[in-house]
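Because only heavy atoms are used, hydrogens play no part in the values below, and waters and symmetry mates are left out as well, while side chains stay in. Quick note on labels: first sequence line is chain A, next is B, and so on, each numbered from 1. Bear in mind the structure is a predicted one, so any value in this text is a computation, not a measurement.
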Amino acid sequence: MSDVENSRLERLSGMLKRRGIILPAFEIHGGSKGLYDFGPVGGRIRNRVNQTWIDHWTSLGNITEISCPTVTPYEVLEASGHVGEFSDFMTDCNACGEASRADTLLEDFHSNPDALSKTDLQKLLVESKPNCPACGACDWSDISAQNLMFNTTIGAGKSGRQGFLRPETAQGMFTSFQSLYRHNRERLPFGAIQVGKGYRNEISPRQGMIRLREFNMAELEYFIDPEVDINHDFSKWNEISFTLIPDGGEEISKSLSEAVESGLIRHSTVGYFIGMTYDFLIKVGINPDKLRFRQHESDEMAHYALDCWDAEIFGSYGWVECVGIAHRGCYDLQAHEDATGKTLRARREFKEPKTIEIDGWTIEGSVAGPAFRALAGAVKEAIESLPLETQFPCEVIIASGEKVMVNPEHVKRNQKTEVISGEWFIPHVVEPAFGIDRIIWHVLDHAFDEIEKGDERYTVLRLNQEIASIDYCVFPLFEKDGMGEIARQLNNKICSKSGVISLYDSSGSIGRRYARADEIGVPVCITVDHQTLEDNTVTLRSRDSGEQKRVNIESLY
RNA sequence: GCGGAUAUGGUGAAGUGGUUAUCAUCUGAGGUUUCCAACCUUAUGUCGUGGGUUCGACUCCCGCUAUCCGCACCA
């Protein structure tokens, strides 16, 4: 980073802190790495970005918003693969207090302890009794998962259950699949969105808002039928050339429809969400020249993912990934199904019901049941797969490998016609995941404009009206001759409107007050002056053009 | 986690082993001013934290915490 960019970054960070947009959290206690406050000005910016994001997706019409707990039981994140991927299993030496990685301790007792589950590691630890590398004792605490996820205990004392603060919002949407499916009248495609906090106990949070331990995420899980081609309408992006970096290739510029048709973007829904993501980022104020989409390389992508694109935004820290759009296949729902035995599926009706003629053998329950007892189920399965020509008595090999003698009285002819109208399948998921803090950082970075005014550097935060923290400032030119009262009254009127915030400021010269408002990006300032006293008009001054126009005060009520 | 640098009012900077720590700016109050950081008066506010050396530490030494820059991992 050059000195020029560096000092701009310092001025930007200084301004964000000074004006209460983004500041280190808990600073009077010394602060804590990777934790930031959105201050009195930033809090509303975050809220408005979140709301804009929600509105953006719900406008599709088949998206519902949910909100799941951040405290998540161990089993959920074990099923999703996060426990294995995000954490190490640790155990403490009760003699000296030194913490050790369980898999490292057990290397001499197992060929690949890294691959063991927590339960197996615990068992192996108890059996093999390794000594503490620090003090030589052998007195280990129970194994706990630690590291990139925040550990917590749900419930008090020993009866408590192990849990984590969620590292992403996605899992709650997968575990709620059945409810979502019903709500959407059991019809795909549909999506669920969630905006909320996620937590990762990063080893080394760095670069301000870019890597946080507690962060704001916004995720959409869009459930689709892998066998149905969705015809997305890409025409609204025909005029836009997207900057794309394909897996292993050079940066190119292409229209979205071209990139999807050529197969560069491997799934049209991924392509559609790239377009939606582009629109959202532009809406909140990202400079389109500083935005590109990069395809994950095969070895970077999670093994189950079919395609993954990151939206990267250029700012003071270089190119930073702020959104990930991943085709996750059926991985997540499958994982929770496997772990719980619950059905997380959607139904697909066949165009033509399938008719299956069955003509073979099955068991005579009243005879075979008492005869085979516990094996009866397996015997039934084996017999139903036998050809019609089979002669009884007959020796049958059942699933467990056991041989059983089946006599004619155990069986009967099975002749029927089954009509199957459809099937159950695990939907595929396309997931756009947004790092809200990273996006807000870049919005601020792109909006932060320094212009020369005389010899001075003048700061303007060119935020879009949609996400500006303060909508209006109201100034009396002077606080005398009744101008102060009129301005206060106007300010109160504007604040009382739902969703609108106005700030009253009477201190300092009028120029200073405009400058203060510009620095935090207030789009419009309203000034009450002498003329107001005569004809009830005020001036509206625009942040970006500096232009003023007079309007009647009543038109602002 | 490893290596390097840093920590002084809200912000940005000076400075010293010696008893009221300096400046600019910001902020508050008052005045002045007919619209883009004007001016005058006045006030508030600082040595990150814990220990050590010392008669005395903001200053020297050691932990800790935080920040910034490299290395490894990620939204």
**Study point:** Options B:U27, B:C36, B:G28, nucleotide nearest the side-chain atoms of A:Lys453
**Key:** B:C36
Practice item. Mark yes when over 12 heavy atoms from residues, nucleotides or ligands other than A:Phe26 sit less than 6.0 Å from its CZ; otherwise mark no. Key: no
Review point. Is the ring of A:Phe434 stacked on the base of B:A75, with centres less than 5.5 Å apart and planes under 30° off?
Key: no
Check your understanding: Considering all heavy atoms of both residues, which atom of A:Gly172 and which atom of A:Thr175 are nearest to each other, and what is their separation?
Key -> O-OG1, 3.1 Å
Exercise for review: Could you tell me the separation between the CZ atom of A:Arg213 and the C1' atom of B:U65, rounded to a whole number of Å?
Suggested key: 12 Å
Review point. Could you state the CD1-C1' distance from A:Ile526 to B:C36, rounded to the nearest angstrom?
Key: 17 Å
Practice item. Using only side-chain N and O atoms of A:Ser509, determine if any of them is under 4.0 Å from OP1 or OP2 of B:C35. Key: no
Exercise for review: Establish, yes or no, whether a centroid distance under 6.0 Å links the rings of A:Phe293 and A:Trp309.
Suggested key: no
Exercise for review: Among B:C69, B:C36, B:U33, find the nucleotide with the atom closest to the side chain of A:Tyr317.
Suggested key: B:C69
Point to revise | Set of salt bridge (Lys or Arg N to Asp or Glu O under 4.0 Å) partners for A:Asp437, sequence neighbours left out | key: none
Check your understanding: Given B:C35, B:A37, B:C36, which nucleotide is nearest the side-chain atoms of A:Thr527?
Key -> B:C35
Practice item. Using Watson-Crick or G-U wobble pairs with both distances under 3.5 Å, give me RNA chain B in dot-bracket, 5' to 3', with [ ] for crossers and | for pairs to another strand. Key: (((((((..((((....[...)))).(((((.......)))))....(((((..]....))))))))))))....
Check your understanding: Quick one: A:Phe475 CZ to B:C36 C1', roughly how many Å, whole number?
Key -> 10 Å
Point to revise | Donor-acceptor pair (no angle test) under 3.5 Å: A:Arg541 side chain, B:C36 base | key: yes
Review point. When the ring centroid of A:Tyr222 is compared with that of A:Trp57, is the distance short of 6.0 Å?
Key: no
Check your understanding: Hey, does the side chain of A:Arg512 come within less than 4.0 Å of B:C26's phosphate (OP1/OP2), counting only N and O?
Key -> yes
Exercise for review: Would you state whether a donor and an acceptor, one from the side chain of A:Arg211 and one from the base of B:C73, lie under 3.5 Å apart?
Suggested key: yes
Exercise for review: Kindly write out the residues that satisfy salt bridge (Lys or Arg N to Asp or Glu O under 4.0 Å) with A:Asp471, not counting sequence neighbours, or none if the list is empty.
Suggested key: A:Arg44, A:Arg48
